[in-house]
**Q** 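Just passing along the structure, written as structure tokens.
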Amino acid sequence: MVDLINTVNGWAWGPVTLVLLLGTGLYLSAGLKFATIRKIPSGVRLLLSGRKGDGKGDISPFSALMTSLSATIGTGNIAGVATAVALGGPGALFWMWITALVGMATKFAEAVCAVHFREQDDKGNFSGGPMYYIKNGLHKRWHWLAYAFALFGSLAGFGIANTVQSNSVSQVLHDAFSVPPLATGLVLMVLVGAVVLGGIKRISSVASLLVPMMALAYIMLSLVVILLNITAVPAAIATIVDSALTGSAAAGGFAGATVWAALRFGVARGIFSNEAGLGSAPIAHAAAKTDQPVEQGMIAMLGTFIDTLIVCTMTGLVIVIMDVLPTGISGASLTSLAFGNAFPGGEYIVTLGLCLFAFTTMIGWSFYGERCVVFLVGTRGIVPFRILWVVAIPLGTVVQLDLVWLIADTLNAFMAIPNLVALLLLGPLVFKLTRDYFNKRA
């Protein structure tokens, strides 16, 4: 069974999917004339002015971004980056940057389509995302992709965004403070339940408070380490770029294999971290109070910029600067070691950051799964889904998660494929909506 799932996972995240992810981002970037990079300042201005929202929707544009960031800024920023660098060498970080630059266009297009094709359910709440822009934007011969996405999306979250997160938190708290894993799971169940059972408005309120605080704190902590070792930064950047393009920084093996490893793990972990192309974030952006899909798109693309080009870069630079890769360890332990070597108690701060990141991932992804369930069975599925989501949390602290992780990782790839096909087909519409929006403001 495990061998079969390993084989399917290898295919699901193989060269075809990675080319599809990068290719879609490049196609959308070119079609938008790289506006997603040129318009970053405009996106920041819209974000800062979008705390209340102006139009139909459930939450403000700012809260929509914070909700999507609550799901994306998670263990991928601490453990995912460390794993990518450990398996693919320092060059993996370079490919994470490239993935993020083209991924900004993907995230932009996702949000534009999500707002443009969203619907209201029978309780008056807004629903959107790949399942709706496939159903409402494409010919009915493609509609099976909408149901495939919703099915995979409703299941995948229980792995990577639920049990895997609670397992990560229980492990670090047990290692650092000897807290029993089940106790951690039960406390998380109560905390997450208190938020999730209140629906999107409570989720967005908590995310809008926690996400900016925790992201800024982690960035500032990383900057302290980088500034204390500022003379090592140029060499670290050179190592990252050199390892990505030539593989010469690798010890042993031939350079080509190292370059491929850097590319493979950099792209895969980059997508795992910022979720550009996965189709999850547009579910949150569809709930934004706005009548301008393009404006929400510019706010949405900042999620990829913040998550990967800022937060992941901080983690990667600290690991390379502190030269902890030769230890051979990986995941969150590698990041903890890097910060612990930088200053006393650094590992405990990483532990606290991991706990907060995992918590916000659990509340953000609960909304994604819920909207997928609403698409499949209607609003009658909301309460049962929320209860199942909360009950599953402590299970993650007491079961062996290797197989769960593998299945969820595979389901994530199966989410991405229908979404990317839809974005390629809807690309011309995104280009037209964007062109019309900027022409009116010229």
Side-chain angles (χ1 to χ4, degrees), residues 8 12 17 20-21 24 58 64 67-68 71-72 106-107 109-163 196 199-200 203 271-272 275-288 300 361-389 392 407-426:
V8 174
T17 304
L20 185 59
L21 281 162
T24 302
D58 299 321
T67 301
S68 71
T72 54
T106 308
K107 193 72 73 79
E110 287 177 332
V112 169
C113 292
V115 174
H116 187 71
F117 290 111
R118 65 187 177 179
E119 297 179 3
Q120 276 183 285
D121 62 30
D122 54 25
K123 292 189 176 182
N125 297 313
F126 280 82
S127 291
M131 53 282 197
Y132 289 95
Y133 53 74
I134 291 171
K135 188 188 81 168
N136 298 329
L138 297 179
H139 190 276
K140 61 183 178 183
R141 67 172 172 268
W142 296 104
H143 287 186
W144 66 274
L145 288 175
Y147 293 95
F149 176 89
L151 178 63
F152 296 137
S154 61
L155 295 174
F158 281 97
I160 282 184
N162 187 311
T163 51
V196 166
I200 181 57
I203 291 170
I271 295 301
F272 171 65
E275 298 179 12
L278 202 60
S280 50
I283 299 174
H285 289 287
T361 297
M362 283 188 272
I363 64 171
W365 260 87
S366 71
F367 179 66
Y368 297 162
E370 176 188 304
R371 289 296 101 184
C372 288
V373 168
V374 168
F375 180 82
L376 291 171
V377 302
T379 53
R380 67 180 181 274
I382 291 176
V383 173
F385 175 83
R386 290 177 182 174
I387 292 171
L388 275 174
W389 185 266
I407 293 170
D409 193 40
T410 305
L411 288 172
N412 272 352
F414 289 165
M415 285 173 63
I417 293 168
N419 179 52
L420 293 168
V421 170
L423 291 177
L424 288 170
L425 294 171
L426 291 170

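Numbers for residues simply follow the sequence, beginning at 1. In this text the structure is predicted, and so the values were computed from the model without any measurement.
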**Q** Hey, what do you get for CH2 (W389) to CG (N162), rounding to the nearest 0.5 Å?
**A**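 Answer rounded to 0.5 Å: 4.5 Å.
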**Q** Working to the nearest 0.5 Å, report the span between OG of S366 and CG of L388.
**A**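 Atom-to-atom, S366:OG and L388:CG are 12.5 Å apart.
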**Q** If I compare all heavy atoms of A150 with all of F375, which pair ends up nearest, and what's the gap?
**A**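 That would be CB-CD2, 3.7 Å.
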**Q** Are side-chain heavy atoms of E370 and N125 found at a separation under 4.5 Å?
**A**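 They are not in side-chain contact.
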**Q** Of all the heavy-atom pairs spanning G277 and L21, show the shortest one and how long it is.
**A**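 Taking G277 first and L21 second, the nearest heavy atoms are CA-CD2, 4.3 Å.
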**Q** Side chains of N412 and L278: closer than 4.5 Å at any heavy-atom pair?
**A**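 Contact flag for N412/L278 side chains = yes.
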**Q** Of all heavy-atom pairs between T106 and A276, which one has the smallest distance, and what is that distance?
**A**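 Where T106 meets A276 most closely, the heavy atoms are CG2-C, 4.1 Å.
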**Q** Is there a side-chain hydrogen bond (donor to acceptor under 3.5 Å, both in side chains) between N419 and E110? Walk through the geometry before answering.
**A** CA-CA 9 Å; N419 179 52; E110 287 177 332; 2.8 Å; yes
**Q** Give a yes-or-no answer on whether the side chains of N136 and E119 include a donor-acceptor pair shorter than 3.5 Å.
**A**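 Distance-only check passes for N136 and E119.
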**Q** Please check if any side-chain donor atom of D122 sits under 3.5 Å from a side-chain acceptor atom of T379, or the reverse.
**A**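 Note: D122 and T379 side chains meet the donor-acceptor criterion.
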**Q** Looking only at heavy atoms, what is the nearest atom pair of R118 and A288, with distance?
**A**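 Scanning both residues, the minimum pair turns out to be NH1-O, 2.7 Å.
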**Q** Please determine whether a side-chain nitrogen of the Lys or Arg among K107 and E275 lies less than 4.0 Å from a carboxylate oxygen of the Asp or Glu.
**A**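 Result for this pair is no, no salt bridge flagged.
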**Q** Under 3.5 Å, is there a donor-acceptor pair between the side chain of T67 and the main chain of A284?
**A**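 Checking the backbone N and O of A284 against the side chain of T67, no donor-acceptor pair under 3.5 Å is found.
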**Q** Of Y132, Y368, Y133, which meets side chain to side chain contact (heavy atoms under 4.5 Å, CB included) against P282?
**A**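 Single pass found, and it is Y133.
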**Q** Could you tell me the separation between the CD1 atom of I160 and the CD1 atom of I407, rounded to the nearest 0.5 Å?
**A**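 The CD1 atom of I160 sits 11.0 Å away from the CD1 atom of I407.
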**Q** With rounding to the nearest 0.5 angstrom, report the OG1 to CG distance, T24 to L423.
**A**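 The OG1 atom of T24 sits 7.0 Å away from the CG atom of L423.
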**Q** Ignoring hydrogens, what is the shortest heavy-atom contact between A286 and V115? Give both atom names and the distance.
**A**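 Looks like CA-CG2, 4.5 Å.
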**Q** Donor-acceptor check, side chain of H285 to backbone of A111, threshold 3.5 angstrom: yes or no?
**A**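 No.
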**Q** Is there side-chain contact between L138 and V421, with heavy atoms separated by less than 4.5 Å?
**A**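 Not touching, per the 4.5 Å side-chain cut-off.
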**Q** For side chain to side chain contact (heavy atoms under 4.5 Å, CB included), just list the numbers for M131 and L376, CA-CA rounded to whole Å, side-chain angles, deciding distance to a tenth of an Å, and then say yes or no.
**A** CA-CA 10 Å; M131 53 282 197; L376 291 171; over 6 Å; no
**Q** ring-ring contact (aromatic ring centres under 6.0 Å, His included) between F414 and F149: does it pass, once the steps are laid out?
**A** CA-CA 7 Å; F414 289 165; F149 176 89; over 10 Å; no
**Q** Flag the pair F152 / Y147 as yes when their ring centroid distance falls below 6.0 Å, and as no otherwise.
**A**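 No, the ring of F152 stays outside the 6.0 Å limit from the ring of Y147, centre to centre.
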**Q** Evaluate the side-chain proximity of I134 to W144: yes if any heavy-atom separation is below 4.5 Å, no if none is.
**A**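 No - every pair of side-chain heavy atoms lies 4.5 Å or more apart.
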**Q** What pair of heavy atoms forms the shortest contact from S127 to D121, and how long is it?
**A**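 Answer, listing the atom of S127 first, then D121: OG-OD2, 4.3 Å.
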**Q** Check whether any side-chain heavy atom of C372 lies under 4.5 Å from a side-chain heavy atom of I283, and answer yes or no.
**A**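 Side-chain contact under 4.5 Å: yes.
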**Q** With rounding to the nearest 0.5 Å, note down the distance linking CG in L425 to NE2 in H139.
**A**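 Result: 12.0 Å between the selected atoms.
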**Q** Got a second to check how far I200's CD1 is from I363's CD1, nearest 0.5 Å?
**A**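 Result: 9.0 Å between the selected atoms.
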